[in-house]
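Notes for the one structure printed next.
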Amino acid sequence: MTQQDIQASSDFIREIIDEDIKINKHSGKVATRFPPEPNGYLHIGHAKSICLNFGIAKQYKGTCNLRMDDTDPAGESLEYVDSIIQDVRWLGFDWEDRLFYASDYFEALYAFAIQLIKAGKAYVCSLTADEIREYRGTLIEPGQESPYRNRSIEENLDLFARMRAGEFEDGTHVLRAKIDMASPNIVMRDPVIYRIKHAPHYRTGNKWVVYPMYDFAHCLSDSIENITHSICTLEFENNRPLYDWIVNQLIDKNRPRQIEFARLNVSYTVLSKRRLIELVENKYVAGWDDPRMPTIAGMRRRGYTPDAIRNFCGKIGVAKNENLVDVSLLEACVRDDLNEKAPRAMAVLRPLIVIIDNYPDGQIEKIKCANHPQNPEMGTRTVPFSKRLFIEREDFEENPPKKYKRLAPGKEVRLRNAYVIRFERLIRDEKTGEISAIHCTYAPETLNGPPSDDRKVEGVIHWVSADQAIQAEIRLYDRLFNVPNPAAYEGEFTTSLNNNSLEVVTDAYVEASLKNSAPGNSYQFERLGYFCVDIKDSSPNKPVFNRIVPLRDSWGKIAGR
RNA sequence: UGGGGCGUCGUCAAGCGGUAAGACACAGGCCUUUGGAGCCUGCAUUCGGAGGUUCGAAUCCUCCCGCCCCAGCCA
């Protein structure tokens, strides 16, 4: 392990764990959990938490459970559970047989609640929701005790049993922890721990009409699972005293410890569940797996790799600072991974026809191309070459700017993997005035080497053989929003949506070797970027490629300024 | 005006009293049959501010300033 790896893999949470191991807390064991609520799809922010929790478990030879935190039937569903399972697995993590559901603990949690009542530490409160809010006080004023606070244990037990039995309407009673209505921490002002909800749960059906609240269920679920380090995000810091309070009342050994870290934000996108749902429901995107979405499903379809995402999660670090990570770091990780793994191919997005005047009519040459210029082990393929080719429209300029290295009147360029060609003349569409074809000549000796007189040819452009190339649809994706931090945007966040985040190119051509490429396969289209065969819409008859990320383009920068 | 957190390069982030890592971004250069990749160089005399302690402070102390979270029967 290099110095860099050591530094990259340490953070304040691991330091805490190191300390705990040193004092032999939990007999030196480490057990974490990733606890999503199945009411939405996982996104890159969850990926950070997944990498953290599973990463720590692996590093310390401990375990990480996958737990559905499904204590509120509203909005939770099997569809989300399935997607979560698929996404965590796709990211490369394994919880073995430890897939758990908070809803499986309902009976145990109910028993814990009774225990709390019996200890005189919880009571049934019959105030309305509005009244409870009023009694809670404000940030600067203490709350008032509920008139129901001193009900007898027997009455509480009876009422709580009848709550479970379904005798009461929603909102008529709740179970509250008896803590301190004057606490400066509002969370501690007799928090509600059970509420009545006559709503079917996607797993327990109609068995329950009372459901535990997060603060009650989470710490006890952790305890039930013998979690040692319960890692969550910063907004739960206020809840930690309550977490500890409940655990201290009900658990007497191996109490878990909650540790909070800063959630991830990424520039030019949104990561809050509410906003993501809005994008999907109002059809700003095509679904949870729209390649522009920061969801795991979206990134998977876009062609991002698990390795790239995991690497990104390692690079951003773990701390308690509010952050807005530059999306270019994510893109750099994707390029980094794909540069190594993606075989090269050629494709032309905006075709311009080139006719090689001195190339024999009807001849088709099989040109051997390396699948990866730096890695011979990736082998070679054969690409047809003929008299009629497509090149990229922007690779020809009638009046080239300075430093332009591509094809232009009087100039030569190298066709990638093939010959050097020289511009001869251009054909113009009489009606539109647009250039409709370019005539060139080729230098036959240049296939595997420089021109015979060693004259220098600077530019290299990509091409496909016009008659053998396969027509394809190529979807060019760009960032979803125009502003770095859409969540902070004054007004409706959707107004800063990038209207050009998807451009569909229907008349693109890819080289013939891509004919039967499997959905999900990724390639580098040379000089353009990384592309993958769309897993949903692509078919052999109508191939569809997604642009995963463009190549770094230093010419674009020069030309753009 | 309560409580809890956080302030180190444009963005993340190391640093844990001995004189500011690294990554991305950015800017130059080398190389190149991808203007890709790779390689090299540059990029915080300063750590929110002001005092103080110390031979020595981003690290300790005091005060101040700024930002985030908490008043769901959501998580």
Side-chain angles (χ1 to χ4, degrees), chain A residues 3-4 7-8 10-11 15 35-37 39 69 71-72 74-75 125 127-129 132-134 136-143 170-176 183-189 191-197 211 213-215 217-218 232-241 260 262 264 267 273 312 315-333 335-336 339-340 344 346 370 372-374 403-406 413-418 420 446 448-450 457-462 484 524-529 551-559:
Chain A
Q3 183 65 27
Q4 197 182 323
Q7 291 192 344
S10 198
D11 53 66
E15 279 176 16
E37 184 186 13
N39 67 349
D69 206 357
T71 57
D72 179 3
C125 180
L127 255 23
T128 66
I132 285 179
R133 191 182 326 113
E134 283 163 27
R136 189 151 35 218
T138 69
L139 294 178
I140 53 173
E141 295 161 336
D170 288 8
T172 53
H173 308 277
V174 292
L175 185 69
R176 291 229 252 170
S183 172
N185 182 355
I186 292 181
V187 170
M188 299 297 274
R189 317 237 264 229
V192 172
I193 56 177
Y194 260 91
R195 77 285 213 186
I196 300 171
K197 270 199 183 189
Y211 294 96
M213 298 287 290
Y214 167 84
D215 287 307
H218 202 93
C232 64
T233 46
L234 243 30
E235 65 271 26
F236 291 103
E237 214 149 17
N238 295 321
N239 301 49
R240 193 171 67 226
E260 312 84 10
L264 171 68
S267 64
K273 210 171 259 184
F312 170 76
K315 284 187 171 181
I316 56 176
V318 180
K320 298 184 76 164
N321 303 328
E322 284 285 325
N323 59 76
L324 182 62
V325 175
D326 198 328
V327 69
S328 66
L329 178 60
L330 213 206
E331 292 170 344
C333 290
R335 284 194 195 98
D336 215 45
N339 174 46
E340 209 176 288
R344 316 282 116 134
M346 290 195 285
H372 190 115
Q374 275 77 44
K403 293 190 183 172
Y404 189 79
K405 299 205 298 198
R406 285 109 98 145
V413 278
R414 159 80 59 184
L415 292 174
R416 176 67 170 160
N417 294 127
V420 171
T446 55
N448 291 307
V457 179
E458 261 205 308
V460 180
I461 64 173
H462 57 92
Q524 184 199 95
F525 289 167
E526 293 201 65
R527 301 209 312 133
L528 294 175
L551 251 21
R552 284 185 64 231
D553 176 17
S554 55
W555 168 248
K557 277 179 192 165
I558 296 167

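Letters A, B, ... are given to chains in the order of the sequence lines, protein chains preceding strands, and every chain is numbered from 1.
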Task: Heavy-atom donor-acceptor pair, Arg189(A) side chain to Arg136(A) backbone, under 3.5 Å - done: yes
Task: Pair partner, A25(B) [Watson-Crick or wobble, under 3.5 Å] - done: none
Open item on the list: Looking at A75(B), I'd like to know if its phosphate oxygens (OP1 or OP2) sit under 4.0 Å from a side-chain N or O belonging to Arg195(A).
Closed with: yes
- [ ] Summarise protein proximity over nucleotides 2-8 of chain B in one line of letters, 5' to 3': B for base, S for sugar-phosphate only, - for none, counting protein heavy atoms closer than 4.0 Å.
- [x] BBSSSS-
- [ ] Look at the side chain of Glu331(A) and the base of C24(B), then say whether one donor and one acceptor between them are separated by less than 3.5 Å.
- [x] no
Open item on the list: Over all strands shown, is Val325(A) touching base, sugar-phosphate only, or nothing at heavy-atom distances under 4.0 angstrom?
Closed with: sugar-phosphate
Task: Residue Glu235(A) excluded, over 12 heavy atoms near CD under 6.0 Å - done: yes
Open item on the list: Looking at A75(B), which nucleotide sits across from it as a Watson-Crick or G-U wobble partner, both distances under 3.5 angstrom, or is there none?
Closed with: none
Open item on the list: OP1 or OP2 of A37(B) versus the side-chain N and O atoms of Arg552(A): is any pair under 4.0 Å?
Closed with: yes
Task: Distance-minimising heavy-atom pair for Met213(A) and Tyr194(A) - done: CG-N, 4.1 Å
Open item on the list: For the backbone of Val420(A) and the side chain of Thr446(A), can you confirm whether one donor and one acceptor N or O come within less than 3.5 Å of each other?
Closed with: yes
Open item on the list: How many whole angstroms separate atom NZ of Lys557(A) from atom C1' of G29(B)?
Closed with: 15 Å
- [ ] Please report, rounded to the nearest Å, how far the C1' atom of C74(B) is from the CE atom of Met213(A).
- [x] 7 Å
- [ ] Please work out if Gln374(A) contacts a base, only the sugar-phosphate, or nothing of the nucleic acid, heavy-atom cut-off 4.0 Å.
- [x] base
- [ ] Any strand is fair game: report the nucleotide pairing with C43(B) by Watson-Crick or G-U wobble, both distances under 3.5 Å, or none.
- [x] none
TODO: Figure out the NZ/C1' separation between Lys197(A) and G72(B), and round it to whole Å.
DONE: 9 Å
- [ ] Identify whether any heavy atom of Ala129(A) sits under 4.0 Å from a base atom; if not, whether one sits that close to sugar-phosphate; answer base, sugar-phosphate or nothing.
- [x] base
- [ ] Could you tell me whether Glu526(A) and Arg344(A) have a side-chain N and a carboxylate O separated by less than 4.0 Å?
- [x] no
TODO: Have a look at Gly449(A) and say if it touches a base, only the backbone sugar-phosphate, or nothing, with a 4.0 Å heavy-atom cut-off.
DONE: base
Task: Nucleotide paired to C63(B) in any strand shown, Watson-Crick or G-U, under 3.5 Å - done: G49(B)
Task: Spacing of Ile316(A) atom CD1 relative to A25(B) atom P, expressed in whole Å - done: 16 Å
Open item on the list: Considering every strand and a 4.0 Å limit on heavy-atom distances, what is the contact class for Asn39(A): base, sugar-phosphate, or nothing?
Closed with: nothing
Task: Presence of salt bridge, Lys320(A) and Glu237(A), under 4.0 angstrom - done: yes
TODO: Considering only atom C1', compute the distance from G4(B) to U45(B) and round it to an integer number of Å.
DONE: 36 Å
Open item on the list: Under a 4.0 Å threshold between the charged nitrogen and the carboxylate oxygen, would Arg527(A) count as salt-bridged to Asp553(A)?
Closed with: no
TODO: Considering only atom C1', compute the distance from G28(B) to C43(B) and round it to an integer number of Å.
DONE: 11 Å
TODO: Please work out if Asn448(A) contacts a base, only the sugar-phosphate, or nothing of the nucleic acid, heavy-atom cut-off 4.0 Å.
DONE: base
TODO: Rounded off to whole Å, could you give me the CG-to-C1' distance for the Asp326(A) and C24(B) pair?
DONE: 7 Å
Open item on the list: Classify Arg416(A) by what it touches in the nucleic acid, base, sugar-phosphate, or nothing, heavy-atom distance under 4.0 Å.
Closed with: base
- [ ] With P as the reference atom in both, quote the distance from C73(B) to C16(B) in angstrom, rounded to an integer.
- [x] 44 Å
Open item on the list: Check whether Ser267(A) reaches the backbone of Val327(A) with its side chain - one donor and one acceptor, N or O, closer than 3.5 Å.
Closed with: yes
Task: Interatomic distance at C1', A44(B) relative to U34(B), whole Å - done: 36 Å
- [ ] Using a heavy-atom cut-off of under 4.0 Å over every strand shown, decide if Lys405(A) touches base, sugar-phosphate, or nothing.
- [x] base
Task: Distance in angstrom units between Arg527(A) CZ and G36(B) C1', rounded - done: 10 Å
Task: Pairwise P distance for U62(B) and C26(B), with rounding to whole Å - done: 43 Å
TODO: Would you check if there is a donor-acceptor pair between the side chains of Asn185(A) and Ser183(A) at a distance under 3.5 Å?
DONE: no
Open item on the list: Using Watson-Crick or G-U wobble geometry with both distances under 3.5 Å, which nucleotide pairs with G17(B)?
Closed with: none
Open item on the list: If you assign Thr446(A) and Asp215(A) each to the RNA chain B nucleotide with the nearest heavy atom, which residue ends up on the more 5' nucleotide?
Closed with: Thr446(A)
Open item on the list: What is the distance, to the nearest angstrom, from the CZ atom on Phe312(A) to the P atom on A23(B)?
Closed with: 17 Å
Open item on the list: Looking only at the side chain of Ile132(A) (C-beta and beyond, no hydrogens), which of the listed nucleotides C69(B), G36(B), C73(B) gets closest?
Closed with: C73(B)
- [ ] Give one of base, sugar-phosphate or nothing for Arg189(A), where a contact means two heavy atoms less than 4.0 Å apart.
- [x] nothing
Open item on the list: Please give the distance between the P atoms of U59(B) and C69(B) as a whole number of Å.
Closed with: 27 Å
Open item on the list: Applying a 4.0 Å non-hydrogen cut-off, can you work out what Thr128(A) is touching in the nucleic acid: base, sugar-phosphate, or nothing?
Closed with: base
Open item on the list: Taking the P atom in each of G66(B) and G49(B), what is the distance between them to the nearest angstrom?
Closed with: 15 Å
Open item on the list: Determine whether a donor-acceptor pair (one donor, one acceptor, N or O, separation below 3.5 Å) exists between the side chain of Arg406(A) and the base of G35(B).
Closed with: yes
Open item on the list: Mind checking if Gln524(A) touches a base, just sugar-phosphate, or nothing, with heavy atoms under 4.0 Å?
Closed with: base
Task: Pairwise P distance for G2(B) and G22(B), with rounding to whole Å - done: 43 Å
- [ ] Quick one: label Tyr194(A) by what it contacts on the DNA or RNA (base, sugar-phosphate, nothing), any heavy atom closer than 4.0 Å.
- [x] nothing
Open item on the list: Taking 4.0 Å as the cut-off, does a side-chain nitrogen or oxygen of Arg344(A) come that near to OP1 or OP2 on G36(B)?
Closed with: no
Task: Spacing between Leu528(A) atom CG and A37(B) atom C1', to the nearest angstrom - done: 15 Å
- [ ] With heavy atoms under 4.0 Å as the rule, sort Arg133(A) into base, sugar-phosphate or nothing.
- [x] sugar-phosphate
Open item on the list: Does the structure show a Watson-Crick or G-U wobble partner for A57(B), both distances under 3.5 Å? Name it, or say none.
Closed with: none
Task: Donor-acceptor under 3.5 Å (Thr138(A) side chain, Ile140(A) main chain) - done: yes
- [ ] Identify which nucleotide among A13(B), G72(B), A75(B) has an atom closest to any side-chain atom of Arg136(A), counting heavy atoms from C-beta outward.
- [x] G72(B)
Task: Side-chain (Arg414(A)) to main-chain (Ala418(A)) donor-acceptor, under 3.5 angstrom - done: yes
Open item on the list: Need the glycosidic conformation of G49(B): syn if within 90° of 0, anti if not. Which one?
Closed with: anti
Open item on the list: Need to verify one output field. Residue with the more 5' nearest nucleotide on RNA chain B, Trp555(A) or Val318(A)?
Closed with: Val318(A)
Task: Verdict with reasoning, Phe236(A) to Val187(A), per side chain to side chain contact (heavy atoms under 4.5 Å, CB included) - done: CA-CA 10 Å; Phe236(A) 291 103; Val187(A) 170; over 6 Å; no
- [ ] Under 4.0 Å between any heavy atoms, over every strand shown, what does Ile193(A) touch: base, sugar-phosphate, or nothing? Just pick one.
- [x] nothing
